**Q** 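First the structure, which I've put down as structure tokens, then a few questions once you've had a look.
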There are 2 protein chains.
Amino acid sequence: MPDHTRPPDKRVTIYDVALEAAVSPSTVSRAFSRPSRVNSETAERIRQVAERLGYRTNPLARALTTARTHMIALVIADITNPVYAEIVRGAQETAIGDGYTTVLIDAQESDRVERAAIERTMSTVDGIVLASSRMSDSAIRMFAKQRPVVVLNRAIADVPCVVTDNPRGTRRAAEHLGELGHDHITYVAGPEASWPNGIRWRSLLEAGMELEIKVRQIGPYSPTIEGGERAAEELSARPATAVLAFNDQMAIGLIRGLTRRGVDVPGDVSIVGFDNILAADLVTPGLTTVAAPFYAAGSAAARHLLTMIEGAPGHTGRPMVLPVRLVVRHSTAARNLSPGRVRPPWVRQRPATQPAAPLP
Amino acid sequence: MPDHTRPPDKRVTIYDVALEAAVSPSTVSRAFSRPSRVNSETAERIRQVAERLGYRTNPLARALTTARTHMIALVIADITNPVYAEIVRGAQETAIGDGYTTVLIDAQESDRVERAAIERTMSTVDGIVLASSRMSDSAIRMFAKQRPVVVLNRAIADVPCVVTDNPRGTRRAAEHLGELGHDHITYVAGPEASWPNGIRWRSLLEAGMELEIKVRQIGPYSPTIEGGERAAEELSARPATAVLAFNDQMAIGLIRGLTRRGVDVPGDVSIVGFDNILAADLVTPGLTTVAAPFYAAGSAAARHLLTMIEGAPGHTGRPMVLPVRLVVRHSTAARNLSPGRVRPPWVRQRPATQPAAPLP
DNA sequence: CAATACATGGCAACCCGTTGCCGTGACGCC
DNA sequence: GGCGTCACGGCAACGGGTTGCCATGTATTG
């Protein structure tokens, strides 16, 4: 009796199947990639033989001729930041739904690491989602010329983009602080290479004008809890009563750093963050923050990328903007001006200011 | 003047370079893959021509003959869980160091999703790290027969494994609670398919025997904050004074759930978690927990996988065990038995027990 | 100076599918 | 009966590198 088992290291190819099914390799190939092109009975027979032999089509060999690997790259700035978990879930799920595999790349907040990783990966993927890229616009455009690219959390001309409504989120935060009587807001900046960082600051400037709230900026700091703690140090030297932080991690670092210094949040300082990460609800006091639909953002970016890969022209007009909302917790409160209260050293350094006029 | 620019959609191949450098394609190939095999001057010339033409070797075509894609898959149970961020960083960094790209797969705590993803990916990667796999031992062994596999956070015979010292961690937690006077410990279980879940419970049983502490188990619950909050419900019905939770997320959920019900942590109940995620230090009270070196674990797993890929036999003897340590914060305290104190309804349901004898 | 070893580069087969094109036979239609 | 269509399957040429083997020329050795 002949040994029908093949050595385990040898992969089964269409040629093996063809031999066994007594057809040509091309017919086997078509039976899988273009079933309509082959007689349904033949196809069925081939499929059964393939099954019996344990044949799996080799995606690499296929990719060589079709120039489709059915993989997309998802580059994120920092896997340590929980917002990316949502983005990854969203992107991965829609990719899988279309039969695509996601290659995740953590750029570790480094423009260099990011470029290198993309260069290594680019030729093996059909397209790229850049979530919070730290690269320059021109570098991104260069990649976009070679492969379909969708940019997330950033707007670049001529490249399809998905962003959250930063201006509106910032505006809402400013309004909220204004309503609580704050007439100064300090923006604690994140990475300079971060696009949302820039737009949040500019939006705050604008909102400050309209709402008659003074704004200033300190930073940049690393967009981490530690960065926030650093910022708390500087804030001791240049006190504030209302702070808008680049993101929740920094906001949490601020709360910790200030609290450790004896500053009461929100009694002495109100703090607002961005992103509404899970931990925002865990800290004491709970963090008021601008929430955005990151799962949807990841999903939308992937969806768009996939349609581009399928041949649709990239929608490079206005970026797709996702709505945000302000989640009010307990890190923000009315500015404390009650005369009986002993002013903490915190605000004693500055001349007292008038309570802001109630907003229209 | 002839047009030397090539159409942008046409990729530059070794044939183009060969033509331009007046050598054969095989020499170009060797200039890159086996430089010692070709005259250094020729190699240099080829490299310059390649540079000028913008040639990049196509990894897919290379993989077709070498059967090496220089990609490894890293499968994690839940990207939402921050411990995996560390693991990913560790694995990715050592992979990159060796010129490998990491394909990350989020199994979403689902054995089905995990299998499907691996099946789709297996043939395009050189090896797989399974971090906290939820699949059966036999399924894992099946994959291990087809590709190098290293398992993380789990021990399986005949497959190389990297684990943290769960028995020791559990033991330290039990000792700590014992020293605080607790003579009962409730284990709040995580997913049944989770290997650490099983071993932690068994280790607790053992430690309980030796330390003369009674133990019991409730659950399983989802290994998330929400799961912990669920567990808090059940804990109301069956009170405890000391709890060991499967992981930090559950422990945090417990703290929140219990606190909301008016139970004081650690006054009424001491809580210990596992993993020492960042949030453990953020909640109030700070969470006492068993810390493990996840970055190192990810790195070690990748390192081991890479040596296997390079042809070394997988070290399938004893699993590699990484040390752990107990991080004591404020979620654990001496069991409160002071006579003057009004017992909360919490412990009133049970007969008072003797304070545990001081441990040797 | 002959004999041998070595460095270098080319030829051609191979990896595993995909696809344009052609041949064959069955069928329908005038 | 002659002819055009169509379904089906095979041939062979890719895609872009890799590699075993051989040919050539040069350096080494006795």
Side-chain angles (χ1 to χ4, degrees), chain A residues 6-7 9-47 49-50 53-71 99 120 122-126 146, chain B residues 6-7 9-47 49-50 53-71 99 120 122-126 146:
Chain A
R6 30 182 59 263
D9 56 320
K10 192 89 180 70
R11 291 202 42 157
V12 184
T13 72
I14 49 169
Y15 297 92
D16 302 313
V17 178
L19 222 58
E20 188 82 5
V23 291
S24 81
S26 30
T27 306
V28 177
S29 171
R30 281 194 275 256
F32 288 104
S33 56
R34 247 189 207 60
S36 67
R37 188 66 181 63
V38 46
N39 184 299
S40 56
E41 287 173 29
T42 317
E44 182 52 31
R45 183 160 48 89
I46 291 174
R47 241 171 281 131
V49 172
L53 262 47
Y55 168 76
R56 325 235 62 178
T57 129
N58 180 334
L60 274 66
R62 171 184 300 214
L64 199 53
T65 52
T66 60
R68 282 286 137 80
T69 60
H70 290 265
M71 295 200 277
R120 271 188 303 101
M122 195 172 36
S123 54
T124 55
V125 297
D126 296 340
Q146 306 176 53
Chain B
R6 28 183 59 266
D9 56 319
K10 191 92 181 70
R11 291 201 42 154
V12 183
T13 72
I14 50 168
Y15 298 93
D16 302 313
V17 178
L19 222 58
E20 188 81 5
V23 292
S24 81
S26 32
T27 307
V28 177
S29 171
R30 281 194 275 257
F32 288 104
S33 57
R34 248 189 206 62
S36 68
R37 188 66 181 61
V38 44
N39 183 301
S40 56
E41 286 173 30
T42 317
E44 182 51 30
R45 184 161 47 90
I46 291 175
R47 240 172 281 131
V49 172
L53 263 47
Y55 167 76
R56 324 237 59 179
T57 128
N58 179 334
L60 274 66
R62 168 181 300 206
L64 198 52
T65 52
T66 60
R68 283 284 139 79
T69 60
H70 289 267
M71 295 200 277
R120 270 188 303 101
M122 196 171 36
S123 54
T124 54
V125 298
D126 295 340
Q146 306 175 54

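Model, not experiment: these values are computed from the prediction.
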**Q** To the nearest angstrom, how far is L64(A) atom CG from dC15(C) atom P?
**A** 14 Å
**Q** Any N or O donor-acceptor pair under 3.5 Å from the base of dC16(C) to the side chain of T57(A)?
**A** no
**Q** Side-chain contact test, heavy atoms from C-beta onward, threshold under 4.5 Å: evaluate it for V17(A) versus V12(A) and give yes or no.
**A** yes
**Q** Tell me yes or no: between the side chains of S26(B) and S29(B), is some donor less than 3.5 Å from an acceptor?
**A** no
**Q** What integer distance in Å separates I14(A):CD1 from dT19(C):P?
**A** 12 Å
**Q** Check whether any side-chain heavy atom of V28(A) sits under 4.5 Å from a side-chain heavy atom of P25(A), and report yes or no.
**A** no
**Q** Any side-chain N or O of R34(B) under 4.0 Å from OP1/OP2 of dT19(D)?
**A** yes
**Q** Give a yes or no answer on whether the side chain of R11(B) reaches the backbone of R56(B) with a donor-acceptor pair at less than 3.5 Å.
**A** yes
**Q** Has S29(B) got a side-chain N or O lying under 4.0 Å from the OP1 or OP2 atom of dT18(D)?
**A** yes
**Q** Quick one: L60(A) CG to dG17(C) C1', roughly how many Å, whole number?
**A** 11 Å
**Q** Any side-chain N or O of Y15(B) below 4.0 angstrom from OP1/OP2 of dC14(D)?
**A** no
**Q** So what does R56(A) hit on the nucleic acid, given a heavy-atom distance under 4.0 Å: a base, only sugar-phosphate, or nothing?
**A** sugar-phosphate
**Q** With a 4.0 Å limit, can you tell me whether T65(A) has a side-chain N or O closer than that to the phosphate oxygens OP1/OP2 of dG17(C)?
**A** no
**Q** Give a yes/no on whether any side-chain N or O of N39(B) is located under 4.0 angstrom from OP1 or OP2 of dT8(C).
**A** yes
**Q** Please evaluate the base of dG16(D) for a donor-acceptor partner in the side chain of R62(B) within a cut-off of under 3.5 Å?
**A** no
**Q** Just the rounded figure in Å: distance from C1' of dG15(D) to CG of N58(A).
**A** 13 Å
**Q** Please report the distance, rounded to the nearest Å, between CG in L19(B) and C1' in dG17(D).
**A** 16 Å
**Q** Classify S26(B) by what it touches in the nucleic acid, base, sugar-phosphate, or nothing, heavy-atom distance under 4.0 Å.
**A** base
**Q** Per the atom types in the model, does the base of dG10(C) pair as donor or acceptor with the side chain of R30(B) at under 3.5 Å?
**A** yes
**Q** Looking at T42(B), I'd like to know whether one of its side-chain N or O atoms comes within less than 4.0 Å of OP1 or OP2 on dG9(C).
**A** yes
**Q** Rounded to the Å, how far apart are D16(B) CG and dG15(D) P?
**A** 11 Å
**Q** Are any of S24(B)'s side-chain N or O atoms less than 4.0 Å away from OP1 or OP2 of dG10(C)?
**A** yes
**Q** Using only modelled atom types and a 3.5 angstrom limit, is any donor from either the side chain of R37(A) or the base of dG9(D) paired with an acceptor on the other?
**A** yes
**Q** For a quick test of reading the model, state the closest non-hydrogen atom pair linking V23(B) to R45(B) and the distance between them.
**A** CG1-NH2, 4.1 Å
**Q** Using a heavy-atom cut-off of under 4.0 Å over every strand shown, decide if V23(A) touches base, sugar-phosphate, or nothing.
**A** sugar-phosphate
**Q** Could you say whether F32(A) or T27(B) is positioned toward the 5' end of DNA chain C, judged by the nucleotide with the nearest heavy atom to each?
**A** T27(B)
